[in-house]
Amino acid sequence: MVSHSELRKLFCSADAVCFDVDSTVIREEGIDELAKFCGVEDAVSEMTRRAMGGAVPFKAALTERLALIQPSREQVQRLIAEHPPHLTPGIRELVSRLQERNVQVFLISGGFRSIVEHVASRLNIPSTNVFANRLKFYFNGEYAGFDEMQPTAESGGKGKVIKLLKEKFHFKKIVMIGDGATDMEACPPADVFIGFGGNVIRQQVKDNAEWYITDFVELLGELEE
């Protein structure tokens with residue numbers, strides 16, 4: 001067990017901070033919003049709940065949900081234009097403060113790159129710092145599956161991304177922040193995991209995270225001290 005003061009020190013001296021996106025950086029679950037927009041909300045949100053609890057392998061849950069939604073390119077674009085995701089209070093300030101300290105900020109998401117890149121642009125995070133799943137479309141814009149080669153397309157994918165970041169950039173200390181089981185599993189290779197319950201509380205994460213917060217103000221406070 002690492003003491004809380006050691007965890008705080010690690011957070012304040014991190015080279016890179018990686019955020020989950022759905023229910024962490026934004027208030028919604030992107031795939032549920034897409035399902036609602038495409039008229040299959042109930043069936044998909046039940047699958048999301050099971051996947052987030054760790055009961056179903058991630059890739060299987062993603063495949064099943066997308067097969068139900070069948071989102072076209074136009075529907076994804078309209079969703080972003082008409083119902084842009086809501087940023088979680090405090091995230092803009094926290095990302096900005098980290099960047100001022102020359103900390104690299106990454107978004108690692110099991111959601112969709114088109115939506116996550118939109119979020120990244122609002123937070124001044126370069127698209128090269130985004131790791132998410134890519135939807136595929138036919139020439140006519142109809143849904144054609146997703147890129148199964150992305151590390152984020154399967155269970156354990158976030159840990160694979162963090163391992164890759166350490167190898168590529170030689171980061172000594174990486175912090176992972178997120179609400180779900182897939183985020184917690186990324187530590188190790190992440191050096192610290194901070195559970196976030198500001199939008200939704202996942203009991204498994206709350207019970208097992210060494211550091212659990214419900215407001216980004218707490219992390220901002222750590223950086224100000």
Using the side-chain contact (heavy atoms from CB on, under 4.5 Å) rule, take Leu135 and Leu66 through it: C-alpha gap first, then chi angles, then the decisive distance, then the call.
CA-CA 9 Å; Leu135 292 171; Leu66 282 170; 3.8 Å; yes
Do the side chains of Leu68 and Phe112 join up, straight or via other hydrophobic residues, at under 4.5 Å, putting them in one cluster?
yes
N-O pairing of Glu148 and Lys59 below 4.0 Å
yes
Under the side chain to side chain contact (heavy atoms under 4.5 Å, CB included) test, which residues partner Asp42, sequence neighbours left out?
none
Kindly write out the residues that satisfy side chain to side chain contact (heavy atoms under 4.5 Å, CB included) with Arg73, not counting sequence neighbours, or none if the list is empty.
Gln77, Phe137
Please determine whether a side-chain nitrogen of the Lys or Arg among Asp147 and Lys136 lies less than 4.0 Å from a carboxylate oxygen of the Asp or Glu.
no
Enumerate donor-acceptor pairs with a distance under 3.5 Å from any side-chain N or O in residues 170-177 to protein atoms, sequence neighbours excluded.
from	atom 1	to	atom 2	distance (Å)
Lys173	NZ	Ser13	OG	2.9

Treating Arg113 as the side-chain partner and Ser127 as the backbone partner, does any N or O pair qualify as donor plus acceptor under 3.5 Å?
yes
Would you check if there is a donor-acceptor pair between the side chains of Asn199 and Ser23 at a distance under 3.5 Å?
no
Do any N or O atoms from the side chain of Arg65 and from the backbone of Ala61 form a donor-acceptor pair under 3.5 angstrom?
yes
For residues Asn129 and Gln104, is any side-chain donor paired with an opposing acceptor at under 3.5 Å?
yes
Partner set under side chain to side chain contact (heavy atoms under 4.5 Å, CB included) for Pro188, not counting sequence neighbours:
none
Report yes if the side chains of Leu79 and Ile115 come closer than 4.5 Å at any heavy-atom pair, otherwise no.
yes
Once the angle between the rings of Phe216 and Phe19 is folded into 0 to 90°, is it parallel (under 30°), tilted (30 to 60°) or perpendicular (over 60°)?
perpendicular
Among all residues two or more places apart in sequence or in another chain, which pass the ring pair (Phe, Tyr, Trp, His ring centres under 6.0 Å) test with Phe193?
none
Would you call Asp191-Lys166 a salt bridge at under 4.0 Å N-O?
yes
Do Val217 and Ile91 share a hydrophobic cluster (ILVMFWY, side-chain heavy atoms under 4.5 Å, transitive)?
no
Note: Glu29-Arg202 ion pair, threshold 4.0 Å (strictly below)
yes
Pairwise ring pair (Phe, Tyr, Trp, His ring centres under 6.0 Å) hits with a residue in residues 63-103, at least two apart:
Phe37-His83
So do Phe196 and Thr88 actually touch side chain to side chain, heavy atoms under 4.5 Å?
yes
Pairing of Glu167 and Lys163 as salt bridge, 4.0 angstrom limit
yes
